[in-house]
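Structure record follows, encoded as structure tokens.
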There are 2 protein chains.
Amino acid sequence: MSDILVVGSVGLDDVETPRGKVTKAMGGSAIYFSYAASYFSNVNIVGVAGDDFPLTEMKEDLKKRPVNFDGFEIIEGGKTFRWSGKYKNNMNDRDTLLTELNVFETFNPVIPSNYNNKPILFLANIHPILQNSVLEKVNSPQLVITDTMDFWIEGNRAEVDKVLKKSDIVIINNSEAELLTTYSNFTKAAKIIMKESNLKALVIKLGKFGVYLTNGNEHFFLPAYPVDEVFDPTGAGDTFAGGFTGYLAKVEKYDFETLKKAIVYGSVIASYTVSAFSVNALKNISDKEIEDKYKEFKDFVSF
Amino acid sequence: MSDILVVGSVGLDDVETPRGKVTKAMGGSAIYFSYAASYFSNVNIVGVAGDDFPLTEMKEDLKKRPVNFDGFEIIEGGKTFRWSGKYKNNMNDRDTLLTELNVFETFNPVIPSNYNNKPILFLANIHPILQNSVLEKVNSPQLVITDTMDFWIEGNRAEVDKVLKKSDIVIINNSEAELLTTYSNFTKAAKIIMKESNLKALVIKLGKFGVYLTNGNEHFFLPAYPVDEVFDPTGAGDTFAGGFTGYLAKVEKYDFETLKKAIVYGSVIASYTVSAFSVNALKNISDKEIEDKYKEFKDFVSF
């Protein structure tokens with residue numbers, strides 16, 4: 001088993017969907033990622049929050065799972081990053097109602113020395129300048145997995161490209177793949193990204209339609225695990241990445257067959273995320289439940 | 001092997017996509033369907049065209065495949081149904097520039113007596129009043145497979161419901177499933193449609209993302225066969241239905257495992273359709289090519 005080092009955002013979210021709403025709920029890419037990845041492997045989290053963040057609750061949630069908080073900085077008197085969003089009826093489009101960076105504005109990731117044991121590094125969706133600074137601070141990670149978003153691709157393309165150059169696996173969605181290549185056809189976009197990079201693999205998330213994986217030669221497509229009642233899509237992508245990275249860290253293999261399985265585990269975990277608000281559905285999943293869903297998923301796509 | 005009886009539109013299309021354009025190209029649901037289904041089974045086509053339709057060319061294209069034209073009516077001096085559309089860069093959204101019903105306006109499907117041998121009936125996307133009239137004219141079809149569209153669901157819901165009630169399998173896309181149920185979540189929509197009907201199965205097409213199949217208890221999801229260079233998406237849905245129905249007619253079994261395979265064959269054929277304009281890529285596919293693509297597809301989704 002490898003250690004995972006995740007650097008990302010920590011937030012308090014107000015989220016309203018057609019199914020309900022929550023206020024000041026735990027959120028942020030590093031949080032969702034850690035709840036998910038810790039089902040599979042050791043997770044070392046690096047992030048910053050104000051003292052309004054319910055760290056005690058998070059530690060209680062995760063006390064049975066191997067999460068290390070040494071790099072989780074609490075700024076006394078500071079306020080945690082706040083995001084507020086309202087989802088439309090299709091549970092896909094959303095309006096952002098509020099973004100307050102707060103302590104996240106001056107986030108300078110510090111990597112504890114005990115995090116530097118050849119980890120799998122997951123660069124969650126944060127400013128590419130921060131992602132690049134983390135890449136300089138982490139000693140020879142055995143695998144770098146990177147997320148990003150449209151905002152950075154449009155506004156900081158050169159920095160994004162620099163991160164991608166140092167990454168082994170990139171996880172983006174299909175509109176981000178289009179932004180990177182101008183091609184809306186995601187298999188075409190993937191071909192171009194793989195051709196122009198040294199990536200070991202590229203993962204393109206297709207929202208409720210599933211995930212596409214390629215290493216340039218081989219292809220894999222997995223639908224989303226069917227969820228009848230989506231309560232809150234927030235964090236689905238980050239928990240997918242958490243399950244994906246967690247499984248890779250657990251088995252310490254990165255061949256295409258293993259990557260496929262990691263995609264399935266990521267999708268299984270993401271199906272929990274969307275079935276409740278915030279991280280609520282990610283608190284107590286048994287290994288057996290995860291394995292059962294994995295098998296059910298296999299039936300669902302086999303012919 | 002069963003006979004298929006298809007009733008649908010016959011058209012001459014002007015299509016422009018980012019890859020090029022064609023004028024007065026063969027089109028229409030019955031045409032695309034027949035080109036596809038005839039790779040698998042006998043096809044009896046019922047449709048109407050003017051004498052501007054290149055029937056000789058179509059017969060030449062299909063001379064090695066079992067298509068019966070006895071129910072294909074040519075109105076001397078009449079003009080074929082005309083449609084013109086322009087696709088946007090994403091190859092998904094399109095503007096309809098022209099619709100001229102012409103001889104299709106007074107289409108009154110006549111079923112030749114030799115078409116009435118317990119066929120599998122495919123009701124392509126035409127006015128639900130016509131679909132209902134066909135259902136009254138065909139003696140005990142062994143399976144009724146129905147397509148429809150948003151326009152009829154919105155404007156002629158009662159007639160659409162009447163058709164669905166007499167159908168065994170319905171093929172729609174996800175926005176049509178939403179129109180029928182108000183739910184944008186297609187697995188949720190499918191659950192409701194299956195609960196409120198006597199359908200044996202429901203197929204929901206997800207465009208470039210694939211196809212979902214359910215019989216109410218079992219579920220299957222297949223991504224679209226990846227096509228790097230889409231030239232013209234027109235007819236993809238009709239040829240999918242053609243391959244699907246054709247395979248069922250070939251094997252004469254309708255259990256869930258067989259339906260799954262039919263979905264794969266439908267998707268394989270549809271992948272040819274979009275790789276060229278009009279029916280051009282559907283003229284000469286070998287059985288071996290189809291089987292090879294089927295196997296390749298299997299690799300692509302297996303883990």
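To find a chain, count down the sequence lines: A is the first, B the second, and so on, and within it residues start at 1.
Heavy-atom neighbours of chain A within the stretch residues 189-211 of chain B, taken at a separation under 4.5 angstrom, comprise K191(B), L206(B), K208(B), F209(B). Heavy-atom neighbours of chain A within the stretch residues 276-293 of chain B, taken at a separation under 4.5 angstrom, are nonexistent. Within residues 296-303 of chain B, the residues approaching chain A closer than 4.5 Å by heavy atoms are, in numerical order, F297(B), K298(B), D299(B), F300(B), V301(B), S302(B), F303(B).
Atom OG of S184(A) and atom CG of D93(B) lie 9.5 Å apart (nearest 0.5 Å).
Note on residues 240-254 of chain B: no pairs pass salt bridge (charged side-chain N to carboxylate O under 4.0 Å, His left out), not counting sequence neighbours.
Ranked by heavy-atom pairs shorter than 4.5 Å toward chain B, the options E229(A), M91(A), E218(A) are led by E229(A). Contact count against chain A (heavy-atom pairs under 4.5 Å) is highest for K260(B) among K261(B), K260(B), E257(B). Options V227(B), T187(B), L213(B) differ in how many heavy-atom pairs under 4.5 Å they form with chain A, and the most are formed by T187(B).
With a threshold of 4.5 angstrom between heavy atoms, F256(A) does not approach chain B through any atom at all. Heavy atoms closer than 4.5 Å to chain A are found in the backbone of N89(B), but not in its side chain.
Crowding of Y183(A) atom OH: a count of heavy atoms from other residues, nucleotides or ligands under 6.0 Å not exceeding 12.
Side chain of N185(B) to main chain of V230(A): no donor-acceptor pair is present (N/O by atom type, distance under 3.5 Å, no hydrogens or angles).
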